[in-house]
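Atoms within each ligand, like the ligands themselves, are counted from 1 in listed order.
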Amino acid sequence: MKNTLRTLVFNGQVSLTIANTTGMVNDAIRYHMLSASSAKILGKALSAMTFMSACLKNSKGEISLSVQNGGECGDIAVSGNKELHMRGYIGNPFAEGDEENCFAENSALTIIRDDGYNRPFVGSCAWQTGGVDDSFEEYFHISEQLPTRIRTVVEIGENGQCNFAGVIALQLLPFADEEALAMTANTPLEEILQKLKTTPVERLVGDNFDADISVWEGGLALYQCNCSREYLKKVLVTIGKADFNKIVEEDGAVKVHCHYCNSDYTFTKEDEEEIFGK
Ligand SMILES: [Zn+2]
């Protein structure tokens with residue numbers, strides 16, 4: 001079932017994206033054994049990045065977020081693609097505290113967007129004290145000059161599971177007029193997002209917006225790592241046969257750990273021929 005919807009609203013001048021990311025956040029909790037605080041922060045970052053992944057223009061497009069942070073929760077990395085396969089990592093999975101006090105003052109957010117053409121676009125901004133939503137809004141303002149309102153929510157229950165997570169975003173297109181700007185500013189995003197708890201995403205959009213259904217785009221956003229043994233073999237080619245053999249001699253095997261899904265891969269002498277050829 002689709003959990004993400006993207007369309008145009010307000011006379012086709014503003015893009016609307018809504019996603020229910022509850023399942024994705026629960027998968028992140030499972031992979032990383034996250035505390036409630038870490039689940040909230042990584043979950044909000046995954047949700048915001050789901051919006052950005054839905055905005056990718058090319059089917060081969062990919063987008064990554066990294067937050068360099070010396071504060072309580074450590075660095076954050078999230079990646080996603082146009083298929084809405086998302087994955088993420090948080091430096092300290094056991095952080096305690098609010099979004100507002102888990103980040104050091106000089107933290108920064110960097111986005112790398114690869115739309116599948118030419119060179120990737122890289123943009124960055126300072127992390128905002130308000131947290132994930134404010135920081136993404138600032139990023140769009142500073143780096144892409146696109147006025148954007150974004151709200152994410154992650155609710156963690158007593159048992160440590162995510163009861164609800166989602167994202168709603170409105171982004172003005174370059175030709176948007178004053179009226180569209182005012183309508184965007186006046187939309188009660190938090191209130192609409194809360195209704196996603198009990199309403200399927202398509203009905204939610206229909207109930208709350210006069211949407212242009214000719215550009216209706218849906219998808220199923222989920223937590224999915226793209227690592228695999230085959231993929232890692234290609235990565236190992238880049239370190240070279242000599243270095244591969246040196247590590248095998250010293251350690252008995254080349255061990256690779258995927259931070260996104262906590263999977264371990266082991267490559268031994270027996271894999272050499274398959275990786276590097278004869
Ligand atoms: Zn992985």
Side-chain angles (χ1 to χ4, degrees), residues 3-4 19-35 37-54 56 58-69 73-95 109-114 116 120 132 152 154 156 160-162 165 167 219-240 243-244 247-248 251-268 270-272 274-276:
N3 58 13
T4 305
N20 186 329
T21 53
T22 311
M24 182 191 302
V25 174
N26 272 320
D27 280 345
I29 291 170
R30 195 164 48 80
Y31 280 126
H32 300 293
M33 290 179 276
L34 302 172
S35 67
S37 292
S38 292
K40 250 184 175 170
I41 292 165
L42 182 58
K44 283 170 81 78
L46 279 163
S47 302
M49 287 297 285
T50 301
F51 154 59
M52 293 194 77
S53 298
L56 287 165
N58 189 297
S59 62
K60 290 195 175 73
E62 287 185 357
I63 191 154
S64 313
L65 156 80
S66 69
V67 182
Q68 289 84 32
N69 169 38
C73 71
D75 295 345
I76 297 173
V78 174
S79 293
N81 60 23
K82 181 71 185 171
E83 274 185 279
L84 306 179
H85 290 175
M86 310 299 301
R87 60 194 198 275
Y89 165 79
I90 187 162
N92 177 9
F94 315 115
L109 166 164
T110 303
I111 298 279
I112 301 174
R113 193 183 62 229
D114 187 348
V132 173
T152 57
V154 174
I156 305 295
Q161 294 296 296
C162 175
V167 57
L220 176 65
L222 42 87
Y223 196 103
Q224 182 145 315
C225 193
N226 62 353
C227 75
S228 69
R229 219 176 146 76
E230 290 313 306
Y231 171 78
L232 288 170
K233 279 180 187 165
K234 285 180 201 142
V235 175
L236 286 174
V237 170
T238 64
I239 72 164
D243 282 345
F244 176 86
I247 300 169
V248 170
D251 303 332
V254 175
K255 290 182 178 148
V256 184
H257 178 78
C258 176
H259 283 296
Y260 286 119
C261 65
N262 269 329
S263 298
D264 288 298
Y265 296 89
T266 304
F267 298 91
T268 62
E270 285 168 16
D271 298 304
E272 183 195 319
E274 217 180 305
I275 296 169
F276 300 100

Trainee: Determine whether His32 and Ser38 make a side-chain contact, defined as any pair of heavy atoms from C-beta on separated by less than 4.5 Å.
Mentor: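 With C-beta onward as the side chain, the pair stays apart.
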
Trainee: Side-chain contact test, heavy atoms from C-beta onward, threshold under 4.5 Å: evaluate it for Lys255 versus Tyr265 and give yes or no.
Mentor: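 No. Closest side-chain heavy atoms not under 4.5 Å.
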
Trainee: Given 3.5 Å as the limit, does a donor-acceptor pair link the side chain of Lys82 with the main chain of Ala54, or not?
Mentor: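 Here the side-chain-to-backbone pair exists.
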
Trainee: Do any protein N, O or S atoms sit under 2.8 Å from the Zn ion (ligand 1), and which ones are they?
Mentor: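 Less than 2.8 Å away from the Zn ion (ligand 1) sit Cys225 SG, Cys227 SG, Cys258 SG, Cys261 SG.
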
Trainee: Can you tell which of Ile247, Thr266, Asp243 makes a side chain to side chain contact (heavy atoms under 4.5 Å, CB included) with Val254?
Mentor: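 Exactly one option meets the side chain to side chain contact (heavy atoms under 4.5 Å, CB included) with Val254, and it is Ile247.
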
Trainee: For Thr50, what residues pass the side chain to side chain donor-acceptor pair (under 3.5 Å) criterion, not counting sequence neighbours?
Mentor: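 Here no residue qualifies.
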
Trainee: Can you classify the ring geometry of His257 versus His259 as parallel (below 30°), tilted (30 to 60°) or perpendicular (above 60°)?
Mentor: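 Taking His259 first and then His257, their aromatic rings stand perpendicular (interplane angle over 60°).
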
